[in-house]
Protein chains: 2
Amino acid sequence: MIYASPKGGVMNARSDHGVRRGRKFDQVLEGARKVFLRDGFERASVDEIARVAGVSKATIYAYFPDKQLMFLEVARCECHRQTEEAEAMVGGEVPVRVALTIAAERIAAFQMSDFGQRMFRIVVGEGERFPGLGREFYDFGPGLIHERLVHHLASYVEQGVLKIDDLHLAADQFAQLCKAGIQEKLLFGMAEKLTPEDVHRSVHGAVDMFLARYGTGA
Amino acid sequence: MIYASPKGGVMNARSDHGVRRGRKFDQVLEGARKVFLRDGFERASVDEIARVAGVSKATIYAYFPDKQLMFLEVARCECHRQTEEAEAMVGGEVPVRVALTIAAERIAAFQMSDFGQRMFRIVVGEGERFPGLGREFYDFGPGLIHERLVHHLASYVEQGVLKIDDLHLAADQFAQLCKAGIQEKLLFGMAEKLTPEDVHRSVHGAVDMFLARYGTGA
DNA sequence: TCCGATATGAACTGATAAGTTCATTTCAAG
DNA sequence: CTTGAAATGAACTTATCAGTTCATATCGGA
C-alpha cells in the first residue's frame, strides 16, 4: 500500500487536538475516512477501521485517544480537503447571470456528490452528540460558500446590477433555492440518481428567481 | 399511568406490518417514541424503552419481532400523528400574500419544533439503512405540505394573481426559501433558539421573493 | 550497522445490548 | 368465579465492541 509520508518527516509531533502523528498516520486517517463515511459513526467499528487501514488496532490507539476524537479528526480533514478542491470560484468579470449559474451548479453538484451526501447524513445524525461537529462542518463547507457568495453579490451590487438590502439573507436564499427539488429526493431516498435535466431545472429555477427578486435589469 | 385502550377492544389483532397488538400496545409505542426521539435509533436501548414504557422487555418482544420494526412503527405513527395536527391550512378566499405568509410560518415552525428537528435528524442519519423510512417520512410530512401547496398555488394561478409554469418546482422553491437562515443554524447547532425576528425575516424574505418571481401584480 | 522510535498481533477486560425462556402473576370477559 | 390470554421479571445466551497490554518485530536515520 502506497501512502504519502507525513509532511516534514517529523515523526512524533502532537497536533493541536490531542492527536499524535507518526509513520502510518495518513494510512489510519484514510481507513477511518472510508469506514466512517460508509457506516456512520456508531456502526463503524475500530477493528474494521484497523483492517481497512492495514494497521493494527494498537497503532490506532497510539494515535488517537478514542473513537470520538478519531472521528472528529477525520471530519475536520475531510472538510478542509473538500474546501481546497472547491477553491476555484466564479471569477470577477462575468455577467451576473453567468456567475450565479456557475455558483448554483457547484452547490447542486456538491450536495449530490457521494461525499456531500454522506457527510451531511453523519453531521446531521450525530450532530447533537458531538458538540462542535456541526459548526466545524459548516465553517469549512456551506459557511465558506456563503462568505464567497456574499462577497461576490456585494460587488455586483456595487456595479448596480443587483439591489440587495440583506446580503446574508440573499446568499442563504440562493443556496436554499439551488437545493429545491434535489435535496429532499436524495436525502429521503426517493431517487437513486437525478437526471441532468432535474439539476438543470433547479439551477435555472434558482437563478431566474434570484434575478427576479434582486436584479435591477441594468 | 393512564393510557387509551386499544380501539375496538380486540386484543390479538396483527397489524399489516408483522406487529401484534394487545393491552399495553399504546404504552409501549409511547415509551419507544420518547426514547427513540431522545437517543436516536442506535443509541436507544430496548431495556430503556421497557423501563420508560413501564412494561417488561418480554412484552415488547411479544409485540415487535425486533428493534428495527419497532422503530419503523414509531416513525410511521409519529408522521401520521403530526400530519393530523397540521390539518388546518390556509383557507380559500384570502389574498396571495397572506396565504403565503401563513404557509411560510407553518413550514418554519414545523422545522423549528423539537419533533421536526429530531425526526429529521434520525431520518436523515439512519435513512440509508432503513429502506422506506425516508419515503414514509416524506409522504406524511414534507410531501403532504408540498401537495397542498401545489393545490393552492394552482387556484391562485387560475385567479390570475400568480403565473407559474412548473407548479412542483415552485412549491419546492417556496418550501426551501422558508428554511433560509433557519435550517442550517439549527441543524449544525449554531444557535440554540432563533429569535422571532430571525423567523420573521426568513418568512417575509420567502414571500417577497416568491411574489417577485411569480406574482402578476394583479 | 546499530539504536531508538514505531508498529504488531493477539489475547484480554469490561461493558453493553439484542433477543430468549419460562414459571408465575394479573387481568378482563363471560 | 372461572378461565385463558396477556403480562411479568429476572436470569440467561450470544455477540459485539471500545479500549488495554505486552512481548516481539520492523524500520529509518545517523
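All of these numbers come straight from a predicted model, not from anything done at the bench. Naming: A, B, ... by sequence-line order, numbering from 1 per chain. Computed from heavy atoms alone, side chains included, the values below leave out hydrogens, waters and symmetry copies.
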Backbone of A/L153 reached by a side-chain donor or acceptor of A/Y214 within 3.5 Å: no
Rounded interatomic separation in angstrom, taking CD from B/Q27 and C1' from C/dT26: 14 Å
Separation of D/dA5 C1' from B/K24 NZ (nearest whole Å): 14 Å
Distance test, side-chain N/O of A/S56 to OP1/OP2 of C/dG9, below 4.0 Å: no
B/S/- contact track for nucleotides 18-28 of chain D, protein heavy atom under 4.0 Å: BBBB-----S-
Whole angstrom value for the distance that separates P of D/dC17 from CZ of A/R51: 12 Å
Nucleotide D/dA15, atom P - distance to CZ of A/R43 in whole Å: 18 Å
Any side-chain heavy-atom pair of B/Q183 and A/Q183 under 4.5 Å: yes
B/I60 CD1 - C/dG19 P separation (whole Å): 11 Å
Heavy-atom check, side chain of A/F110 versus side chain of A/I145, under 4.5 Å: no
Phosphate OP1/OP2 of C/dA7 contacted by A/Y63 side-chain N/O (<4.0 Å): yes
Charged N-O contact under 4.0 Å between B/R43 and A/E128: no
Phosphate OP1/OP2 of D/dA7: any B/T59 side-chain N/O under 4.0 Å: no
Where B/F174 and B/L100 come nearest, the two heavy atoms and their spacing: CZ-O, 3.4 Å
Euclidean distance, A/Q176 CD relative to B/E184 CD, rounded to 0.5 Å: 6.0 Å
Spacing between A/I49 atom CD1 and D/dC17 atom P, to the nearest angstrom: 11 Å
